[in-house]
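Below is one structure; the comments refer to it alone.
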Amino acid sequence: NVDSAIALFGKPVAADPTFALAYYELSQALPWTERTDPNPTYVGFADSALRYSTNRPPRERRLLEGFHALMHADIPRAREIYSGLIRDDSLNADAWGWYAFANQLDLTLNRDASGRERLPADYTAALHAYSRALQLDGSDHRFYLNLGLLMANAASINPRLASSVARSRL
């Protein structure tokens, strides 16, 4: 229940306005309810999480930096941060999930030396990262939702690809 999660994560913020992880959790809960809101608060909570992360352990700070980049649509930076983080901390389910999400959504237009354009979104990397995130925390509903969106997008591009992936084991 999103409303109860928001209320629960609001309590630590009220008790300690510098609690970076509480802002992070609040920010993660709110996009589902503020998706069409012209003045969403989840970006501000991501800003607060990063602002108060200066005294947090380095890996936690990097998790918050990557999330901040995602919330500000700096997908290439988020991919870079999460790639390093999962290399250094392969047991962090959130890092794997956000790395997958960033790989799924990276529509930054790149040009190679010959001028050919490409989108760096990497569905294979996203699929593997969601698989790892689910191995680490199968109770996190976001991973299933985002994996479903990935599969729907793959099916719209190439139905055989989606069918093949669906038959494989995550």
Side-chain angles (χ1 to χ4, degrees), residues 1-86 88-108 121-123 125-153 170:
N1 183 332
V2 174
D3 292 332
S4 65
I6 293 167
L8 288 173
F9 288 122
K11 289 179 181 181
V13 168
D16 178 2
T18 66
F19 191 4
L21 284 180
Y23 286 109
Y24 168 70
E25 295 294 348
L26 265 171
S27 186
Q28 288 186 93
L30 288 167
W32 306 110
T33 59
E34 295 184 351
R35 201 177 329 210
T36 59
D37 190 323
N39 299 305
T41 60
Y42 65 89
V43 175
F45 286 129
D47 294 344
S48 294
L50 183 61
R51 181 180 322 110
Y52 297 120
S53 71
T54 55
N55 295 326
R56 304 304 307 157
R59 289 180 183 168
E60 185 178 307
R61 191 171 47 252
R62 285 179 31 216
L63 177 74
L64 299 175
E65 288 169 356
F67 184 72
H68 184 265
L70 273 178
M71 294 301 102
H72 285 276
D74 188 352
I75 308 300
R77 175 98 174 105
R79 284 177 73 186
E80 176 187 331
I81 291 168
Y82 287 128
S83 175
L85 185 55
I86 62 175
D88 297 342
D89 185 1
S90 64
L91 299 177
N92 188 322
D94 271 7
W96 281 102
W98 290 123
Y99 178 68
F101 190 71
N103 272 292
Q104 179 178 349
L105 295 181
D106 195 349
L107 301 178
T108 308
D122 187 339
Y123 281 17
L127 179 66
H128 290 293
Y130 282 131
S131 176
R132 181 65 176 141
L134 287 165
Q135 287 172 350
L136 293 168
D137 184 359
S139 69
D140 193 325
H141 69 279
R142 294 170 302 152
F143 302 149
Y144 294 102
L145 175 65
N146 292 333
L147 179 58
L149 293 172
L150 174 72
M151 297 302 294
N153 288 341
L170 282 178

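Numbering of residues begins at 1 and proceeds along the displayed sequence.
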Trace of the side-chain hydrogen bond (donor to acceptor under 3.5 Å, both in side chains) decision for His68 with Asp74
CA-CA 8 Å; His68 184 265; Asp74 188 352; over 6 Å; no

Please report the interatomic distance [atom1]([X]) to [atom2]([Y]), rounded to the nearest 0.5 Å.
X: His72; Y: Phe67; atom1: NE2; atom2: CZ; value: 9.5 Å
X: Trp98; Y: Leu63; atom1: CH2; atom2: CG; value: 9.5 Å
X: Leu85; Y: Glu80; atom1: CG; atom2: CD; value: 12.5 Å
X: Phe143; Y: Leu147; atom1: CZ; atom2: CG; value: 11.0 Å
X: Leu50; Y: Arg56; atom1: CG; atom2: CZ; value: 13.5 Å
X: Leu127; Y: Leu150; atom1: CG; atom2: CG; value: 6.0 Å

What is the minimum heavy-atom distance between [X] and [Y], and which atoms define it?
X: Thr18; Y: Tyr52; answer: O-CB, 3.3 Å
X: Ser27; Y: Phe45; answer: CB-CB, 3.8 Å
X: Ala102; Y: Ile75; answer: O-CG2, 3.4 Å
X: Leu64; Y: Ala49; answer: CD1-O, 3.7 Å
X: Gln104; Y: Tyr130; answer: OE1-OH, 2.6 Å
X: Ala93; Y: Ala133; answer: O-CB, 3.8 Å

Hey, is CZ on Arg61 packed in by over 12 heavy atoms from elsewhere, all under 6.0 Å?
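For Arg61, atom CZ is crowded (more than 12 foreign heavy atoms under 6.0 Å).
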
Heavy-atom side-chain contact between [X] and [Y] under 4.5 Å:
X: Asp122; Y: Asp106; result: no
X: Asp37; Y: Leu30; result: no
X: Leu26; Y: Tyr42; result: no

Set of residues satisfying salt bridge (charged side-chain N to carboxylate O under 4.0 Å, His left out) with respect to Arg62, sequence neighbours excluded:
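Checked Arg62 against salt bridge (charged side-chain N to carboxylate O under 4.0 Å, His left out); matches are Asp88.
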
Before giving the answer on side-chain contact (heavy atoms from CB on, under 4.5 Å), spell out for Leu91 and Arg132 the whole-Å C-alpha distance, their side-chain angles and the decisive distance to 0.1 Å.
CA-CA 9 Å; Leu91 299 177; Arg132 181 65 176 141; 3.4 Å; yes

Under the 3.5 angstrom rule, does the side chain of Tyr24 hit a backbone N or O of Phe19 as a donor-acceptor pair?
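Checked: no pair found.
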
Ignoring hydrogens and geometry, is there a side-chain-to-backbone donor-acceptor pair from Tyr99 to Arg79 under 3.5 Å?
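No, the answer is negative, given that no donor and acceptor are paired below the 3.5 Å cut-off.
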
Donor-acceptor side-chain pairing of Glu65 and Ser53 below 3.5 angstrom:
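Checked: Glu65/Ser53 side chains show no N/O donor-acceptor pair below 3.5 Å.
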
Is any NZ, NE, NH1 or NH2 atom of the basic residue among Arg142 and Asp94 found under 4.0 Å from an Asp or Glu carboxylate oxygen of the other?
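Yes, this pair counts.
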
